[in-house]
Amino acid sequence: MDYQISITEPEHHLAKVRMELRVTEAKALTLMLPSWRSGKYKILDLANGISGFSAVDAQGKTISWQKTEKSSWTLEPTAAGKVVVEYAVYANQLVERTRHIDETHAYINASAYLLFSQPHKAEAVSVQLEVPKGWRSFSGMDKKDNEHKFVAANYDVLADSPIETGINQHHNFQVDGRDYDLVIWGEGNYNETQMQKDLAKLVQHTDSIWQGYPYSRYLFIVHATDGVRGATEHLNSTVIQRDRFTFGKREDYLEFLSTASHEVVHTWNVKAYRPAGLVPYDYINPNYSSLLWISEGSTSYFQNQLLLRAGLMTKAEFYQDLTKRLYRFIHTPGRLVQSVAEGSFDSWISSGGDHGANFNVSIYSEGYIASWLLDELILRQSGRKASYRELHNQLYQRFAKTTAFTAQDVIQIASELTGEDQNLWWQQQIEQPMKFEPEQLLASFGLQWQRGKERETFAGIMSEDKSGFALVQRVERDSPAWKAGFTSEDLIVAINALQLKGDLGQRLQDFKAGDKVQVSYFRQGRLQHQPLVLGDKPKGMGKIEPVAKPSRQQKAMHKAWLGVDL
């Protein structure tokens with residue numbers, strides 16, 4: 001299959017696509033556009049950007065067709081030979097990291113641009129770009145013939161190798177005999193030279209987890225613009241999106257490095273090897289798996305460990321991040337309801353927000369905790385001879401060619417590393433809601449969670465400012481506000497008949513635990529009043545730090561865990 005993408009009207013986010021393939025006989029041929037893209041387990045209905053569809057044969061004769069499903073077009077060629085399909089693409093979905101075109105660039109994820117045919121899916125493909133003069137094009141795919149033509153072994157590789165073309169900054173560097181490219185689109189307060197140096201340090205430490213590489217060349221694509229955040233992993237590349245002015249402060253830049261590390265880890269975990277439920281990618285229908293917590297949560301678990309080993313993050317910064325994660329875990333009531341296996345399977349329909357936090361778990365957040373629990377188990381039961389890193393290296397060594405592994409494969413490897421059957425542990429901690437004591441887990445590594453004696457008033461309401469009032473976004477289950485009947489979308493306007501001005505949480509600090517306050521709020525446009533008896537909690541998130549006198553065992557566990565001394 002050969003494709004041509006012409007950037008026709010960038011100011012209107014439009015491109016024209018020409019697709020050419022050959023059919024061996026005169027029978028119905030169905031072309032489809034994916035309904036989702038790899039790395040985001042949500043149906044996105046990408047075909048909503050397709051218009052002006054047409055098809056002709058080698059002689060230019062029109063081929064009849066009809067749309068048979070929201071993402072499918074069925075053609076009726078009358079003879080074997082060449083088929084040429086043309087259509088327009090509206091590309092203005094930058095935040096989804098699928099497609100975006102403007103006067104300065106085009107971001108092309110093939111899943112959102114290029115149709116495929118199931119019988120032709122395994123065939124080699126080429127993509128020729130027609131772009132404005134002065135644009136430069138980059139992709140994880142190989143180039144052929146010219147600067148703007150890319151080739152791939154099949155559609156799966158094409159769909160997992162996005163293209164960034166436009167006006168950009170480019171840096172190339174080598175580490176351990178491998179080529180790396182850093183391409184930055186957009187202006188901001190980033191230091192591209194420092195960024196390149198730090199990414200080079202990062203990729204030097206992947207051997208602390210895996211033996212060998214799944215790539216010979218790797219591409220970092222960075223979008224520095226407005227109103228975006230997040231990143232997506234691909235076969236040998238990633239796209240990272242950040243607000244243009246979130247690179248300057250240490251905490252912001254560290255967040256960027258953590259994201260970059262997360263995506264590098266993904267090059268092994270979920271690209272080189274992935275759960276059997278994700279093999280092969282369906283593209284039209286969801287690929288269900290109860291192991292997505294390994295794909296995402298374990299990647300989150302490793303990301304800062306790599307930064308720590310590379311000297312890009314201090315131990316204090318690592319502990320601070322760990323504090324935030326444990327604090328969020330404690331204040332996620334969904335952890336008591338749903339297992340990480342269930343959360344993985346349901347990720348396609350998870351909605352987050354108020355209900356999600358109270359009744360579901362995140363494959364990222366709770367997946368991180370599950371990975372940590374399994375790491376501690378392997379370290380302890382193996383006498384520190386093995387760790388969760390070795391488990392992932394084994395997944396890579398055993399499944400890099402087939403990519404597909406099952407829960408039983410993970411259990412078997414954990415059992416081999418520890419010398420004990422881990423089926424029961426898996427059932428109790430992965431297939432059921434996790435149960436553990438954070439203080440006990442921390443103590444295994446010579447750490448403690450200092451919460452302090454000072455307490456603050458607690459209602460259990462998370463809100464955002466709405467013209468000086470408080471729009472409730474989430475109410476923590478079983479909190480004082482939950483018991484009083486408050487819910488998301490309530491607009492709180494007054495406390496004790498006095499207009500709320502500013503932050504609700506700060507206003508409630510004027511009271512103490514046990515006080516009953518009258519809360520006035522609008523619910524669906526109707527003014528209501530409700531008493532709320534306030535509670536309290538330790539002030540702030542606290543701080544994770546080493547114990548005063550760690551034992552030899554604790555020091556050894558910490559070193560085996562993170563690769564640095566306690």
Side-chain angles (χ1 to χ4, degrees), residues 1-5 17-41 43-47 49-50 53 55 57 63 65-77 80-87 89 98-99 108-129 139-142 144 149-163 214 232-237 270-289 399-404:
M1 294 186 291
D2 296 310
Y3 301 92
Q4 178 177 305
I5 302 176
V17 174
R18 184 181 190 274
M19 173 185 181
E20 183 178 313
L21 68 159
R22 300 189 67 83
V23 294
T24 57
E25 56 184 318
K27 70 174 186 178
L29 173 70
T30 298
L31 301 178
M32 296 175 284
L33 190 75
S35 294
W36 61 283
R37 62 158 177 78
S38 67
K40 187 175 181 68
Y41 309 107
I43 296 296
L44 298 175
D45 289 329
L46 299 171
I50 305 297
F53 188 94
D57 61 19
I63 297 175
W65 61 273
Q66 63 177 335
K67 197 169 184 180
T68 50
E69 188 265 343
K70 63 182 179 179
S71 302
S72 303
W73 293 257
T74 299
L75 283 60
E76 300 288 347
K82 184 168 69 172
V83 172
V84 178
V85 172
E86 293 186 343
Y87 53 90
V89 176
T98 52
R99 57 186 179 221
I108 301 169
N109 183 312
S111 300
Y113 284 81
L114 304 178
L115 305 180
F116 72 94
S117 164
Q118 199 65 43
H120 297 79
K121 190 162 162 275
E123 295 177 4
V125 299
S126 70
V127 182
Q128 175 67 58
L129 305 179
S139 175
M141 292 182 285
D142 292 331
K144 185 176 182 181
K149 186 174 184 178
F150 298 94
V151 293
N154 51 54
Y155 187 86
D156 285 322
V157 174
L158 172 65
D160 226 347
S161 304
I163 300 169
T232 299
E233 71 278 1
H234 292 285
L235 275 179
N236 64 335
S237 63
V270 92
K271 291 306 174 185
Y273 56 91
R274 65 182 188 259
L278 299 183
V279 180
Y281 286 136
D282 187 301
Y283 295 120
I284 302 300
N285 302 298
N287 279 89
Y288 294 105
S289 172
F399 300 101
K401 292 183 179 180
T402 62
T403 74

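The first residue of the sequence shown is numbered 1, and numbering continues consecutively from there. What you see is a predicted model; the values in this text were computed from it and never measured.
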Query - Partner set under salt bridge (charged side-chain N to carboxylate O under 4.0 Å, His left out) for Asp45, not counting sequence neighbours - result: Lys70

Report task. Using side chain to side chain donor-acceptor pair (under 3.5 Å) as the criterion, list what pairs up with Ser72, not counting sequence neighbours. Result -> Glu69

Requested in this report: Tell me yes or no: between the side chains of Arg37 and Thr232, is some donor less than 3.5 Å from an acceptor?
Outcome: yes

Report summary line: Rounding to 0.5 Å, atoms OH (Tyr273) and CG (Leu278) come to a distance of 13.5 Å

Requested in this report: Of all the heavy-atom pairs spanning Pro214 and Ala272, show the shortest one and how long it is.
Outcome: CB-CB, 3.9 Å

Requested in this report: Using the test side chain to side chain donor-acceptor pair (under 3.5 Å), find all partners of Asn154 that sit at least two apart in sequence or belong to another chain.
Outcome: none

Query - With sequence neighbours excluded, residues passing side chain to side chain donor-acceptor pair (under 3.5 Å) with Glu86 - result: none

Identify every side-chain donor-acceptor pair in residues 17-33 under 3.5 Å, counting partners at least two apart or on other chains, and give the distances.
residue	atom	partner	partner atom	Å
Arg18	NH1	Glu20	OE1	3.0
Thr30	OG1	Thr74	OG1	3.1

Query raised in the report: With Thr98, which residues qualify under side chain to side chain donor-acceptor pair (under 3.5 Å), at least two apart?
Result: Gln93

Query raised in the report: Given Val89 and Ile50, is the side-chain contact (heavy atoms from CB on, under 4.5 Å) satisfied, shown in steps?
Result: CA-CA 5 Å; Val89 176; Ile50 305 297; 3.8 Å; yes

Report summary line: Scanning both residues in full, the closest heavy-atom pair of Pro34 with Ile284 reads CA-CD1, 4.2 Å

Query raised in the report: Looking only at heavy atoms, which two atoms of Ala55 and Leu75 are closest? And how far apart?
Result: CB-CD2, 3.7 Å

Query - Minimum side-chain heavy-atom gap Ser111-Ser38 below 4.5 Å - result: no

Requested in this report: Enter the distance from Gln128:CD to Lys144:NZ here, rounded to the nearest 0.5 Å.
Outcome: 11.5 Å

Report summary line: Heavy-atom nearest pair, Pro162 first then Ser237, reads CD-OG, 3.7 Å

Query raised in the report: How long is the span from the CG atom in Leu115 to the OH atom in Tyr87, to the nearest 0.5 Å?
Result: 3.5 Å

**Report entry** Val85 and Trp65: CA distance, side-chain angles, deciding distance, side-chain contact (heavy atoms from CB on, under 4.5 Å) verdict
**Finding:** CA-CA 11 Å; Val85 172; Trp65 61 273; over 6 Å; no

Query raised in the report: At what distance, to the nearest 0.5 angstrom, does CG of Leu46 lie from OG of Ser35?
Result: 7.0 Å

Query raised in the report: Taking the side chain as C-beta and beyond, is there a heavy-atom pair between Tyr155 and Ser117 under 4.5 Å?
Result: no

**Report entry** Heavy-atom side-chain contact between Leu158 and Tyr3 under 4.5 Å
**Finding:** yes

Query raised in the report: Under 3.5 Å, is there a donor-acceptor pair linking the side chains of Tyr283 and Asp156?
Result: yes

Query raised in the report: Could you state the interatomic distance from CG (Asn287) to CH2 (Trp36), rounded to the nearest 0.5 Å?
Result: 4.5 Å

Report summary line: Output for pair (Met141 CE, Asp160 CG), nearest 0.5 Å, gives 10.5 Å

Report task. Begin from the C-alpha positions of Leu129 and Ile108 and carry the test side-chain contact (heavy atoms from CB on, under 4.5 Å) through to its verdict. Result -> CA-CA 10 Å; Leu129 305 179; Ile108 301 169; 3.8 Å; yes

Query raised in the report: With a 4.5 Å heavy-atom cut-off, do Ile5 and Leu114 have their side chains touching?
Result: yes

